[in-house]
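Working notes for the structure below.
In what follows, chains are A, B, ... by sequence order, proteins preceding strands, each numbered from 1.
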Amino acid sequence: MPELPEVETVRRGLAPVLEGQRLERVELRRADLRFPFPEGFVQRLTGATVVEVGRRAKYLRIFLDRGDALICHLGMSGRFEIDHARPGAFHQRVGEEAKHEHVVFTTSAGTRIAYFDPRRFGYMGLIPLNTLEDHPWFAGLGPEPLADGFDGKVLQAALAGKRQNIKVTLLDQRLVAGIGNIYACEALFAARVAPQRPAGDLTAKECDRLARAVKTVLAEAIEAGGSTLRDFAAADGALGYFQHRFKVYDREGQPCSGGCEATIRRIVQGGRSTFYCPACQR
DNA sequence: CGATGCCCCTGAGAGC
DNA sequence: TGCTCTCAGGGGCATC
């Protein structure tokens, strides 16, 4: 579910209720999500104070005053809920709440922050700060697409020699970090690049357009509070609304908005749906 | 190196 | 109403 804009939206929701607060209570409802929780998870977190809530790629990184960072990956269906969130914003059915509530944090201010994850593809870890960037989750990550260092030149260098199609290549977190299926489709449309193109064949001009498109699409999605397809919500319960601005994603058969006569097509690449306009994207 | 398929898990929606 | 099938924002692995 959550790609960079959704994770950033969650980060912005959590920061004000977590930063400067002590974790008074930490409750674990099960021993694992995608991976087992680390040894001594509850003990290592209880009593720690949150210094900062950060993000790298699709990971939340909650820095603690004890020399550890709490890392959270939301997988496909992970979300946080703060107790003062709008009632009913997260759960359509009574009883669903307790079933998928896996971790509950209570801060020194009395705020209750719960982590839900029906599919349990998400995971959490506790990593010492001095080894954070060397940890396997972070060591191989490509640049943050919204950082100044990411541009057409960097992108072209990363794509050089690759015969894999550009759509699947954009999802490779080692080349650029944080792009997922929605924003890969949207960025390729905005850059007018066909998803089937071998990545290494993109010209300097196209790499420039694509790098800009990635930045624009991600930035606009963050501004819109992310995309809510099925169940995404910010930590305060607010729904994203960037899905209303999708040009191609999930729009198979609908007319293209790019001024051509074509309709949006869906193909499968790397086992995932790609949506694109066969006329606008070349 | 790359394409493909399968796996983790649960729920929603479509079609019958 | 209920059954079955497909698909879903992520990502790792095995195989050819």
What is the separation between atom [atom1] on [X] and atom [atom2] on [N], rounded to the nearest whole Å?
X	N	atom1	atom2	answer
N181(A)	dC7(C)	CG	C1'	12 Å
D250(A)	dA12(B)	CG	P	17 Å
Q173(A)	dG9(C)	CD	P	14 Å
L4(A)	dG10(C)	CG	P	11 Å
R56(A)	dG10(C)	CZ	P	17 Å
L171(A)	dG11(C)	CG	P	9 Å
R79(A)	dG9(C)	CZ	C1'	13 Å
I179(A)	dG11(C)	CD1	C1'	15 Å

What are the two closest heavy atoms between [X] and [Y], and how far apart are they?
X	Y	result
K58(A)	P2(A)	CD-O, 3.9 Å
A199(A)	T169(A)	CB-OG1, 3.7 Å
L202(A)	C207(A)	CB-SG, 3.8 Å
G180(A)	E3(A)	N-OE1, 2.7 Å

Any stacking of F121(A) on dC9(B), going by centres under 5.5 angstrom and planes within less than 30 degrees? no
Using the [atom1] atom as the point on both nucleotides, what is the distance between [M] and [N], in whole Å?
N	M	atom1	value
dG13(B)	dG9(C)	P	15 Å
dT4(B)	dC7(C)	P	16 Å
dC6(B)	dT6(C)	C1'	16 Å
dC7(B)	dC5(C)	P	16 Å

Just by distance, with hydrogens left out, do K167(A) and T274(A) show a side-chain donor and acceptor under 3.5 Å apart? yes
Salt bridge (Lys or Arg N to Asp or Glu O under 4.0 Å), that's the test. Do D68(A) and R44(A) meet it? Break it down for me. CA-CA 9 Å; D68(A) 286 331; R44(A) 286 166 71 188; 3.6 Å; yes
Considering every strand and a 4.0 Å limit on heavy-atom distances, what is the contact class for Q269(A): base, sugar-phosphate, or nothing? nothing
Heavy atoms only, 4.0 Å cut-off, all strands: where does G180(A) land among base, sugar-phosphate and nothing? sugar-phosphate
Below 4.0 Å: OP1/OP2 of [N] and any side-chain N or O of [X]:
X	N	result
K58(A)	dG10(C)	yes
H100(A)	dT10(B)	no
R119(A)	dA8(C)	no
S273(A)	dA8(C)	yes

DNA chain B: R120(A) or V268(A), which has the more 5' nearest nucleotide? V268(A)
What's the closest nucleotide to the R266(A) side chain, out of dC7(C), dG11(B), dG10(C)?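 That would be dC7(C).
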Derivation and outcome, salt bridge (Lys or Arg N to Asp or Glu O under 4.0 Å), residues R265(A) and E252(A): CA-CA 5 Å; R265(A) 234 178 245 172; E252(A) 182 184 18; over 6 Å; no
With side chain to side chain contact (heavy atoms under 4.5 Å, CB included) as the test, would you mind laying out the steps for D208(A) and T203(A) before giving the verdict? CA-CA 8 Å; D208(A) 218 56; T203(A) 64; over 6 Å; no
Does the plane of the ring in W137(A) sit parallel, tilted or perpendicular to the ring in Y59(A)? Use 30° and 60° as the thresholds. parallel
How does DNA chain C look in dot-bracket notation if pairs are Watson-Crick or G-U with both distances under 3.5 Å, crossing ones as [ ], other-strand ones as |? .|||||||.|||||||
Pair R25(A) + E27(A), salt bridge at N-O below 4.0 Å: yes
Stepwise side chain to side chain contact (heavy atoms under 4.5 Å, CB included) check, R56(A) with E144(A): CA-CA 7 Å; R56(A) 172 83 169 99; E144(A) 282 291 313; 3.0 Å; yes
Set out, line by line, the N/O atom pairs under 3.5 Å between protein and nucleotides 12-14 of chain C.
from, atom 1, to, atom 2, distance (Å)
dG12(C), O4', R34(A), NH2, 3.4

Between protein and nucleic acid, restricted to nucleotides 1-3 of chain B and to nitrogen or oxygen atoms under 3.5 Å apart, what atom pairs and distances do you find?
from, atom 1, to, atom 2, distance (Å)
dG2(B), OP1, R163(A), N, 2.8
dG2(B), OP1, Q164(A), N, 3.4

Can you confirm whether or not the ring centre of F116(A) sits under 6.0 Å from the ring centre of H100(A)? no
Just checking, R61(A) and F138(A): is the charged tip under 6.0 Å from the six-membered ring centre and within 45° of the axis?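 Because its charged atom sits under 6.0 Å from the ring centre and within 45° of the axis, R61(A) does stack over F138(A).
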